[in-house]
**Student:** 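Before I ask anything, here is the structure I am working with.
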Amino acid sequence: MSRARSEPDVSLDETPYQVLPELDAEEYRALKEDIRENGIIVPITVDADGQIIDGHHRYKAAQELGIDDPPMQVRDDLDGDAKRSLAWRLNMQRRHVDGSTKKDLIRDRIEELIERGIDKTDDEVAEEMGCTQQWVSEVRETVVADRLEDGEGAQNTTDCDLRTTVDYASSEQKEEIVKDTIVANPDKSNRAVSRELGVSDRTVGSYRDELETLYRPQ
């Protein structure tokens, strides 16, 4: 349930939901001056424990201006990634960033989802980030390619959950990963490979047949 008013113990000591970089000095000065003149128009969003989901800079400015009771909205209906998803959505709606910076932030979000083992569609990420599905798709392909390259291929990708990386791979990348896994583990069954990579037995079998046809002695 979402409540328009509550009095949680809020602190800036821990900021797990501050997903965007700090405002620079001039941006923060302008925000603080606006709050001095007009007050806090958009309530600060916090969770049930008083951790700020959206409004870190507004809360800090309120403290410095001696505003002891800034408007808050408590979201006690969220858990896990839902809080970070909301933080991304609210921040990206209001923060004005150029195209290059936005693509960097999209990359950060996709990397975060892969690290947490969370599979989201391009449309879901695009909605969070306030961008087009095409942008997310392009960044997603680059992230997967870089992670596999850093790990020197699917078989040596130890810096991330390979299965989740496969979830984010394009169809061409997924095919390459499955085939690499089959070649590196010829005795592993289709079912074992499918479970490891999160693809269907039929898909693994199809790629195995392709490889056997390609390398069958003439």
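Quick caveat: nothing in here was measured; it's all calculated off a predicted structure. Hydrogens, waters and symmetry mates are skipped; everything else that's a heavy atom, side chains included, is used.
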**Student:** Under 6.0 Å from the six-membered ring centre of Tyr28 and within 45° of its axis: does the NZ or CZ of Lys60 meet both?
**Tutor:** yes
**Student:** Once rounded to the nearest 0.5 Å, what's the spacing between atom CZ of Arg89 and atom CZ of Arg94?
**Tutor:** 12.5 Å
**Student:** Over all heavy atoms of both residues, which pair between Ser85 and Lys120 is shortest? Give the atoms and the distance, please.
**Tutor:** OG-NZ, 3.5 Å
**Student:** Do you know the tightest heavy-atom contact between Asp167 and Arg140?
**Tutor:** O-NH1, 3.6 Å
**Student:** Does any N or O in the side chain of Glu212 come within less than 3.5 Å of the main-chain N or O of Asp209, such that one atom is a donor and the other an acceptor?
**Tutor:** no
**Student:** Any chance you could lay out the side-chain contact (heavy atoms from CB on, under 4.5 Å) test for Ile110 and Val139, step after step, and finish with the verdict?
**Tutor:** CA-CA 8 Å; Ile110 292 175; Val139 175; 4.1 Å; yes
**Student:** Within the 4.5 Å heavy-atom criterion, are Glu111 and Val143 side-chain neighbours or not?
**Tutor:** yes
**Student:** Within a strict 4.5 Å, meaning less than it, do heavy atoms of the Gln18 and Asn91 side chains meet?
**Tutor:** no
**Student:** Using the rule side-chain contact (heavy atoms from CB on, under 4.5 Å), only one of Asp108, Asp119, Ile118 pairs with Leu113; which is it?
**Tutor:** Ile118
**Student:** Asp201 vs Arg195, test: salt bridge (Lys or Arg N to Asp or Glu O under 4.0 Å). Steps then yes/no.
**Tutor:** CA-CA 8 Å; Asp201 291 5; Arg195 287 178 176 174; over 6 Å; no
**Student:** Nearest 0.5 Å, what's the CD1-CG distance between Ile177 and Leu197?
**Tutor:** 7.5 Å
**Student:** Rounded to the nearest 0.5 Å, what separation is found between the CD1 atom of Ile182 and the OH atom of Tyr207?
**Tutor:** 9.0 Å
**Student:** Can you list the steps and then say if Ile52 with Thr45 is a side-chain contact (heavy atoms from CB on, under 4.5 Å)?
**Tutor:** CA-CA 6 Å; Ile52 297 174; Thr45 303; over 6 Å; no
**Student:** Looking at every non-hydrogen atom in both residues, tell me the closest pair between Met92 and Glu128 and how far apart they are.
**Tutor:** CB-O, 3.8 Å
**Student:** Could you tell me the separation between the CZ atom of Arg208 and the OG atom of Ser189, rounded to the nearest 0.5 Å?
**Tutor:** 7.5 Å
**Student:** State, to 0.1 Å, how close Lys174 and Ala169 come at their nearest heavy-atom pair, and which atoms those are.
**Tutor:** N-CB, 3.9 Å
**Student:** Distance alone, cut at 3.5 Å: any donor-acceptor contact between the side chains of Glu112 and Trp88?
**Tutor:** yes
**Student:** Would you tell me whether Thr203 and Ser200 have side-chain atoms, one donor and one acceptor, within less than 3.5 Å of each other?
**Tutor:** yes
**Student:** Side-chain contact, heavy-atom cut-off 4.5 Å: Tyr59 with Met72?
**Tutor:** yes
**Student:** What's the separation between atom CZ in Arg109 and atom SG in Cys131, rounded to the nearest 0.5 Å?
**Tutor:** 12.0 Å
**Student:** Spell out, as yes or no, whether a donor-acceptor pair under 3.5 Å connects the side chain of Asp24 to the backbone of Glu27.
**Tutor:** yes
**Student:** Between Asp49 (side chain) and Gln51 (backbone), is there a donor-acceptor pair under 3.5 Å?
**Tutor:** no
**Student:** Could you walk me through whether Val46 and Gln73 pass the side-chain contact (heavy atoms from CB on, under 4.5 Å) test, one step at a time?
**Tutor:** CA-CA 6 Å; Val46 301; Gln73 180 185 55; over 6 Å; no
**Student:** List, one per line, each side-chain donor-acceptor pair under 3.5 Å for residues 36-44, sequence neighbours excluded.
**Tutor:**
{"unit_1": "Arg36", "atom_1": "NE", "unit_2": "Glu33", "atom_2": "OE1", "d": "3.3"}
{"unit_1": "Asn38", "atom_1": "ND2", "unit_2": "Asp34", "atom_2": "O", "d": "3.4"}
{"unit_1": "Asn38", "atom_1": "ND2", "unit_2": "Asp34", "atom_2": "OD1", "d": "2.8"}

**Student:** Can you name the closest pair of heavy atoms from Lys102 and Gly130 and give their distance?
**Tutor:** NZ-O, 3.1 Å
**Student:** Counting only heavy atoms not in Glu14, do more than 12 sit closer than 6.0 Å to its CD atom?
**Tutor:** no
**Student:** Tell me, do Arg29 and Lys32 make a side-chain contact under 4.5 Å, heavy atoms counted?
**Tutor:** no
**Student:** Within the 3.5 Å criterion, strictly below it, is a donor on Asp104 or Thr101 matched to an acceptor on the partner's side chain?
**Tutor:** no
**Student:** Of Asp47, Asp76, Asp77, Asp54, which is the lone residue that meets salt bridge (charged side-chain N to carboxylate O under 4.0 Å, His left out) with Lys83?
**Tutor:** Asp47
**Student:** Answer yes or no: is there a side-chain heavy-atom contact under 4.5 Å between Met129 and Leu105?
**Tutor:** yes
**Student:** How far apart are the closest heavy atoms of Pro186 and Val183, and which atoms are they?
**Tutor:** CD-O, 3.5 Å
**Student:** Using side chain to side chain donor-acceptor pair (under 3.5 Å), reason through Ser11 and Asp13 one step at a time and then give a plain yes or no.
**Tutor:** CA-CA 5 Å; Ser11 172; Asp13 292 340; 3.1 Å; yes
**Student:** Between Gln173 (side chain) and Ser170 (backbone), is there a donor-acceptor pair under 3.5 Å?
**Tutor:** yes
**Student:** Any donor-acceptor pair under 3.5 Å linking the side-chain atoms of His57 with those of Glu22?
**Tutor:** yes
**Student:** Mind checking whether Leu148 and Asp180 have side chains closer than 4.5 Å, heavy atoms only?
**Tutor:** no
**Student:** Has Arg202 got more than 12 heavy atoms of other residues, nucleotides or ligands less than 6.0 Å from its CZ?
**Tutor:** no
**Student:** Which residues, ordered by chain and number, are linked to Leu86 in its hydrophobic cluster, where ILVMFWY side chains connect at heavy-atom gaps below 4.5 Å, directly or through other members?
**Tutor:** Tyr17, Ile53, Leu78, Leu90
**Student:** What is the distance from atom CD of Glu149 to atom OG1 of Thr142, rounded to the nearest 0.5 Å?
**Tutor:** 11.0 Å
